[in-house]
Amino acid sequence: MVAPLSAWPWENFGVFKYLLYGPLAAKVLYSWIYEDSIKDLWCLHILVICALRGLIHQLWNSYSTTLFLTRNRRIKQEGVDFKQIDREWDWDNFLILHALLAYMACLIFPSLDDLPLWKPKGFITLLFLHVTVSEPLYYWAHRYFHEGYLFTHYHSLHHSSSVTHPYTAGHATFLEHLILCVVIGIPMAGSIMMGYGSTSMVYGYVSAFDFLRCLGHSNVEVVTHEVFNKLPFLKYFLYTPTYHSLHHTEMGTNFCLFMPLFDAMGNTLNRNSWHLHKKISSDSAKNGRVPDFVFLAHGVDLTSSMHAPFVFRSFASVPFSTRIFLLPLLPVTFLVMLIMWTWSKTFLISFYNLRGHLHQTWVVPRFGFQYFLPFAMEGINKRIEEAILRADRIGVKVISLAALNKNEALNGGGTLFVEKHPDLKVRVVHGNTLTAAVILNEIPKDVEEVFLTGATSKLGRAIALYLCRRRVRVLMLTLSTERFQKIQREAPADCQNYLVQVTKYQAAQNCKTWIVGKWITPRQQSWAPSGTHFHQFVVPPILAFRRDCTYGDLAAMRLPDDVEGLGSCEYTMERGVVHACHAGGVVHQLEGWTHHEVGAIDVDRIDIVWKAALKQGLRPVSSM
């Protein structure tokens with residue numbers, strides 16, 4: 001049985017919960033349109049304050065997940081996983097509750113409309129009431145919520161988040177936030193009843209309250225220990241992220257709201273608080289843990305670049321798709337793209353842990369279209385080379401190149417860097433061997449004929465040679481007889497006749513298995529017979545134009561079940577799924593292989609890599 005007031009009244013409303021702001025918005029709009037002025041001014045204030053509070057949480061989310069700024073200041077090194085993100089999905093429920101209660105207060109006390117903009121004495125009384133009433137009230141309420149029934153049925157929800165995050169601050173039960181309303185309301189109500197209230201006091205106190213709550217849950221130590229060295233008394237009047245993080249790991253200590261003074265008075269102050277804070281603050285200047293594996297990604301387009309944890313955490317935790325709310329942000333994204341083009345270097349965007357190994361994703365600050373600009377190629381290669389050399393310098397074992405970062409015309413599938421730097425300790429991997437293996441293992445064993453576009457590319461060549469060994473007839477679409485014959489000569493003599501050069505799409509009008517390695521238009525797709533399945537290794541994926549056909553996703557694999565701290569999706573991939581070139585680097589690192597995987601694909605290694613991937617717990621995603 002659900003405990004009283006533990007569930008939110010609107011927890012099943014989904015996005016429709018935001019309609020609860022409707023009466024406030026309607027009243028403001030009505031006054032604005034049909035009356036000379038907005039009479040119920042506090043309706044507007046409440047909406048603005050809610051938006052401001054949401055913005056404070058969003059900005060703290062952006063800061064705490066901007067790993068290239070905060071990675072050395074993180075308190076707990078684990079990542080926030082999908083389970084925690086889902087639990088905290090409705091972290092903003094408390095904003096709706098506070099808005100409704102504030103609206104009720106305005107209806108009961110219409111004199112609130114007469115509050116002045118500014119009154120200095122109000123801030124003094126507010127601070128006095130906060131220290132003497134709100135702080136001790138929260139401290140003792142918090143302690144009681146850590147006991148027996150209250151913890152099991154209420155406060156355990158908040159502590160279910162193993163890694164604190166700014167959104168964790170709002171993740172609690174309905175009853176707890178009702179009590180928090182009292183805690184936050186007493187100083188404001190007291191100041192107003194004393195005649196010292198003001199609009200700026202309400203805005204300032206609520207904003208500061210949320211700012212400090214987010215700070216404590218940020219998991220990033222932003223308060224330098226030097227402050228406490230110079231002003232020792234201050235450590236009893238301002239908590240730190242480290243201080244509150246200890247409360248989440250050792251729950252019998254550090255109960256205070258913002259002032260450790262009350263923990264000291266209540267004998268609940270964790271003795272390691274200041275020592276751990278000094279250690280984390282001091283170590284922030286040092287390099288953090290070295291990753292074992294790095295996936296070197298790149299931007300695709302402007303809209304998908306907003307699919308990053310430091311932009312919108314919840315959006316990044318689901319597969320990318322274009323959403324309407326992204327459109328107003330495009331001008332800002334375009335400006336950021338220009339800044340990155342002129343001044344930026346490869347940066348860390350996400351990480352996860354796998355069997356004690358740290359795996360990171362770094363991003364080359366370039367977008368898809370830039371890879372096809374001749375004058376931009378040199379700069380892109382420079383960025384990739386810098387990332388490889390940096391990985392080599394800090395001790396990374398394997399670095400895997402994403403789609404366009406290993407473009408044949410750009411750097412020969414990574415060959416350029418390996419030949420230029422023959423003494424590299426880091427292993428450079430293009431991951432195409434596993435990409436080929438994924439595509440080949442999606443093709444049913446009884447298929448006798450396939451149609452292959454992009455047939456003379458690196459992947460196309462490997463797929464054609466592998467299939468002809470299986471006695472599968474491969475219709476290779478290419479206008480270059482020379483390149484076709486070169487590939488054909490690589491095949492065993494008794495298999496060469498299974499490779500057939502074709503120059504038109506019409507040649508595949510009776511073939512129901514198409515492997516697409518070069519983008520094809522809807523018109524070109526129309527030559528495929530009904531029931532055709534389109535396998536593909538082309539970026540971006542082709543349009544699903546034919547309703548009488550089926551379309552495969554880009555080659556990908558699901559990471560092992562024991563992956564930890566993974567909380568963002570890789571482009572359009574499902575949760576826990578990564579592109580095959582990413583997975584190829586993971587296998588390379590887990591297997592401890594010491595060779596580079598660059599240039600042409602070794603067809604003999606396709607089955608070896610596939611079996612190694614399955615052995616390490618990676619699983620294929622799609623099958624016909």
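Predicted model only: the values in this text are computed from it and were never measured. Quick note: numbers below take in every heavy atom, side chains included, and nothing from hydrogens, waters or symmetry partners.
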With sequence neighbours left out, write down each residue that passes side chain to side chain contact (heavy atoms under 4.5 Å, CB included) with E591, or none if nothing qualifies. V587, W593, A612, K615, Q616

Can the ring centroids of H307 and F312 be said to lie less than 6.0 angstrom from one another? no

Set of residues satisfying side-chain hydrogen bond (donor to acceptor under 3.5 Å, both in side chains) with respect to S457, sequence neighbours excluded: none

So, does T478 use its side chain to make a donor-acceptor pair with the main chain of S480 at under 3.5 Å? yes

Which one of V502, T503, T456 satisfies the side chain to side chain contact (heavy atoms under 4.5 Å, CB included) criterion with L479? T503

Under a 3.5 Å distance rule, please check whether N219 uses its side chain to pair with a backbone N or O of K76 as donor and acceptor. yes

When every non-hydrogen atom of L410 is compared with those of I380, the smallest separation belongs to CD2-CG2, 3.9 Å

Under the 3.5 angstrom rule, does the side chain of Q496 hit a backbone N or O of A491 as a donor-acceptor pair? yes

Between T168 and E88, is any side-chain donor less than 3.5 angstrom from a side-chain acceptor? yes

Flag, side chain of H217 to backbone of T164, donor-acceptor distance under 3.5 Å: no

Scanning both residues in full, the closest heavy-atom pair of Y371 with H298 reads OH-CB, 3.2 Å

When you measure from the side chain of Q77 to the backbone N and O of R74, does any donor-acceptor pair fall under 3.5 Å? yes

Compare every heavy atom of T513 with every heavy atom of E449, then report the nearest pair and how far apart it is. O-CB, 3.9 Å

Go through the steps for K458 and E408 under the test salt bridge (Lys or Arg N to Asp or Glu O under 4.0 Å), then give the verdict. CA-CA 8 Å; K458 195 177 341 185; E408 191 68 25; 3.0 Å; yes

Show me the donor-acceptor pairs within less than 3.5 Å that the side chains of residues 319-326 make with the rest of the protein, sequence neighbours left out.
residue, atom, partner, partner atom, Å
S321, OG, R323, NE, 3.0

Any donor-acceptor pair under 3.5 Å linking the side chain of Q501 with the backbone of M476? no

Non-neighbouring partners of D604 that pass side chain to side chain contact (heavy atoms under 4.5 Å, CB included), sequence neighbours left out: R469, D602

Under a 3.5 Å distance rule, please check whether N411 uses its side chain to pair with a backbone N or O of N405 as donor and acceptor. yes

Does the pair E574 and R558 meet the rule for a salt bridge (Lys or Arg N to Asp or Glu O under 4.0 Å), with working shown? CA-CA 9 Å; E574 298 175 12; R558 189 173 299 279; 3.0 Å; yes

Identify the two heavy atoms, one from I439 and one from Q536, that lie closest to each other, and give their separation to 0.1 Å. CD1-O, 4.5 Å

Considering non-hydrogen atoms only, spot the tightest contact between V621 and A556 and give its length. CG2-O, 3.8 Å

So which atom in S344 and which in P365 form the shortest heavy-atom distance, rounded to 0.1 Å? OG-CB, 3.5 Å

Taking the six-membered ring for Trp and the single ring otherwise, decide whether the centroids of F295 and H359 are under 6.0 Å apart. no

Look only at the side chain of W514 and the backbone of C511, and say whether a donor-acceptor pair between them is shorter than 3.5 Å. yes

Hey, does the side chain of Q370 reach the backbone of F367 with a donor-acceptor pair shorter than 3.5 angstrom? yes

Sequence neighbours excluded, the answer for side chain to side chain contact (heavy atoms under 4.5 Å, CB included) partners of A308 is F310, V311, I349

Between H595 and H588, does the ring centroid distance fall short of 6.0 Å? yes

Pair H582 + F293: ring centers closer than 6.0 Å: yes

Any luck finding a side-chain donor-acceptor pair between Y167 and Q58 under 3.5 Å? yes

In sequence, state the C-alpha distance, the side-chain angles, and the governing distance for E597 and R605, and then conclude on salt bridge (Lys or Arg N to Asp or Glu O under 4.0 Å). CA-CA 11 Å; E597 185 191 309; R605 287 193 57 82; over 6 Å; no

Using a 6.0 Å cut-off, check whether atom CD of Q506 has over 12 heavy atoms from anything other than its own residue. yes

side-chain hydrogen bond (donor to acceptor under 3.5 Å, both in side chains) assessment of S161 paired with R87: CA-CA 8 Å; S161 299; R87 283 196 301 268; 4.8 Å; no

Can you establish whether the number of heavy atoms outside R471 located under 6.0 Å from its atom CZ is more than 12? yes

Can you say whether the rings of F369 and W341 are parallel (under 30°), tilted (30 to 60°) or perpendicular (over 60°)? perpendicular

Could you tell me if K406 and N432 have a donor-acceptor pair between their side chains, going purely by distance under 3.5 Å? yes

When rounded to the nearest 0.5 angstrom, what distance separates CG in L348 from CG in L67? 4.5 Å

Can you list the residues that meet the side chain to side chain contact (heavy atoms under 4.5 Å, CB included) rule with D81, with sequence neighbours excluded? K83, Q84

R313 to W91, cation-pi by 6.0 Å centre distance and 45° axis angle: no

Hey, is the main chain of S218 close enough, under 3.5 Å, to the side chain of H165 for a donor-acceptor pair? no

